[in-house]
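Read the structure below first, then the notes.
All values below were derived from every heavy atom in this structure, side-chain atoms included, with hydrogens, water molecules and symmetry-related copies excluded. For this chain, numbers begin at 1 and follow the sequence in order.
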Amino acid sequence: MLKSVLKRALGLGTAVVEGARIEGESIIVSARPRRAALRCPACGRRCDGYDTLPARRWRAPDVGSARCYVEYAPRRVECPEHGVRAEAVPWARAAPSRFTSAFEDTVAWLALHMCRSALAELMRVDWRTVGGICARVEADLEARDGRGRLDGLRRIGVDETSYKRGHRYMTVVVDHDRGRVVWASEGHGKRQLNDFLDHLTDVQRGSIEVVTADGARWIADVVAERLPGAELAVDPFHAVSWATEALCLITSKLWV
């Protein structure tokens, strides 16, 4: 019963839980992949075993206030095409990740809803680790989606935002259909937007139908030159903001 509960709580997938023990303030769960044969992690081909690596630990979601780790001594296989590789494990993404997929998915979700410093404190990891985790999760999602973040763009939004207490700017491009950021760069202006468009193929640029922006002239000029088939529109945030400002101005004059 305890093994099945741990397996579900830690997101171990098809792994077999062999036991658990307490070390200090941590819980160590011994697990192994459920498999019929050794396979290359790159191509999935059946391979001969090469050797066994020392036991490794992957950080898993906490159990209560205790840190939890999955422990296993992975085998290495010898693939005719890819050489000697450590086997893939069902609970974690490929090396160099030392976290379980369930832990990384939680961190990536929280990164969308809170600042990195608070997230690092909550999950008890270094704040620099958060960026690496998010990159792995994003790459995994793109692989499962079957397309890259710049593929299939139809309706995009371009905006400039300030950071570092408003003293520095960056340009951000979002995909409205998927609700995600697809590109960002320090600075703002024609050079940054042209840099983004240079990353796209002719087919990718041709698929863009709508570009929303804040009405900046430099954005309109680049869209007209580089995306002649796209329609330029004011994004909802700025449309509402401007309408609110105009309404307040009219109201204030009426009260004078």
Cluster question for you: counting only ILVMFWY and a side-chain heavy-atom cut-off of under 4.5 Å, with indirect links fine, are L150 and V223 together? yes
Can you pull out every salt bridge (charged side-chain N to carboxylate O under 4.0 Å, His left out) where at least one residue sits in residues 191-201? Sequence neighbours excluded, please. D198-R226
Close side-chain approach of D140 and V137, heavy atoms under 4.5 Å: no
Can you tell whether the side chains of E25 and R67 come within less than 4.0 Å, N to carboxylate O? no
Would you call R32-E18 a salt bridge at under 4.0 Å N-O? yes
Interatomic spacing from CE in M123 to CG in D62 - rounded to 0.5 Å: 6.0 Å
Give a yes or no on whether the backbone of I22 and the side-chain of S26 come within a donor-acceptor separation of less than 3.5 Å. no
Charged N to carboxylate O under 4.0 angstrom, D175 versus R149? no
The test is side-chain contact (heavy atoms from CB on, under 4.5 Å); show your working for S30 and V17 and say whether it passes. CA-CA 6 Å; S30 299; V17 175; over 6 Å; no
Side-chain heavy atoms under 4.5 Å apart, restricted to Ile/Leu/Val/Met/Phe/Trp/Tyr: what other residues fall into the cluster of V210, or is it alone? none
Tell me the closest heavy-atom pair linking L53 and A73, and the distance in Å. O-CB, 3.4 Å
Do Y72 and W91 have their ring centres less than 6.0 Å from each other? yes
I want to check something: taking the side chain as every heavy atom from C-beta on, are V182 and V174 in contact at a cut-off of under 4.5 Å? no
Are L119 and W109 connected into the same hydrophobic cluster when the rule is that any two of I, L, V, M, F, W, Y join if their side-chain heavy atoms are below 4.5 Å apart? yes
Exceeds 12 heavy-atom contacts within 6.0 angstrom, atom CG of D48: no
Measure the OG-CG distance between S207 and D202 for me, rounded to the nearest 0.5 Å. 11.0 Å
Enter the distance from R46:CZ to C40:SG here, rounded to the nearest 0.5 Å. 14.0 Å
Could you tell me the separation between the CD1 atom of I27 and the CD atom of E71, rounded to the nearest 0.5 Å? 13.5 Å
Measure the spacing between OH of Y69 and CZ of R98 and express it to the nearest 0.5 Å. 11.0 Å
Going through the checks in order, is the salt bridge (charged side-chain N to carboxylate O under 4.0 Å, His left out) test met by R93 and D105? CA-CA 11 Å; R93 294 180 172 88; D105 291 345; 2.8 Å; yes
Residue E121 excluded, over 12 heavy atoms near CD under 6.0 Å: no
Looking only at heavy atoms, the pair that brings G157 and T212 closest together is CA-OG1, 3.2 Å
Please report the C-alpha distance between E231 and V211 in whole Å, then the side-chain angles of each, then the deciding distance to 0.1 Å, and finally whether the side-chain contact (heavy atoms from CB on, under 4.5 Å) criterion is met. CA-CA 6 Å; E231 181 180 351; V211 179; over 6 Å; no
May I ask you to test the R45-R39 pair for a side-chain heavy-atom distance under 4.5 Å? no
Salt bridge R180-E138, side-chain N to carboxylate O under 4.0 Å: yes
Does E87 pair with R85 as a salt bridge, N-O distance under 4.0 Å? no
For R136 and F99, work out which heavy atoms get closest and say how close. NH2-CD1, 4.0 Å
Between V222 and N194, is any pair of side-chain heavy atoms under 4.5 Å apart? yes
Is there side-chain contact between V84 and V77, with heavy atoms separated by less than 4.5 Å? no
Please lay out, stage by stage, how C43 and C79 fare under the test side-chain contact (heavy atoms from CB on, under 4.5 Å). CA-CA 9 Å; C43 62; C79 176; 3.9 Å; yes
First locate atom NE2 of H176, then atom CZ of R155, and finally report the distance between them rounded to the nearest 0.5 Å. 8.5 Å
Check for me, please, whether V173 and L197 land in the same ILVMFWY cluster - side-chain distances under 4.5 Å, paths through other members count. yes
Starting from M114, can I reach I133 by hopping between I/L/V/M/F/W/Y residues whose side chains sit under 4.5 Å apart? yes
How far apart are the C-alpha atoms of E104 and R59, what are their side-chain angles, what is the distance that settles it, and do they pass the salt bridge (charged side-chain N to carboxylate O under 4.0 Å, His left out) test? CA-CA 9 Å; E104 292 190 331; R59 175 77 182 279; over 6 Å; no
So T129 and R116, do their side chains get closer than 4.5 Å, heavy atoms only? no
Do R205 and L227 come within less than 4.5 Å of each other through their side chains, counting heavy atoms only? yes
Are R57 and E23 close enough for a salt bridge, meaning some N to O gap below 4.0 Å? yes
Return the set of residues passing ring pair (Phe, Tyr, Trp, His ring centres under 6.0 Å) with F196 (not counting sequence neighbours), or none when no residue passes. W183
Do L232 and V158 sit in one hydrophobic cluster, given that two such residues count as connected whenever their side-chain heavy atoms are within less than 4.5 Å of each other, even indirectly? yes
Within the structure provided, determine whether T161 and M170 are in side-chain contact (heavy-atom separation under 4.5 Å). yes
Counting N and O atoms only, with roles assigned by atom type, does the side chain of T171 sit under 3.5 Å from a partner on the main chain of D159, one being a donor and the other an acceptor? no
For A108 and C134 the tightest heavy-atom approach is CA-SG, 4.2 Å
Step-by-step side-chain contact (heavy atoms from CB on, under 4.5 Å) determination, Q204 to D151: CA-CA 6 Å; Q204 290 171 333; D151 293 331; 2.6 Å; yes
Within a reach of under 6.0 Å around CZ of R21, are more than 12 heavy atoms found that belong to other residues, nucleotides or ligands? yes
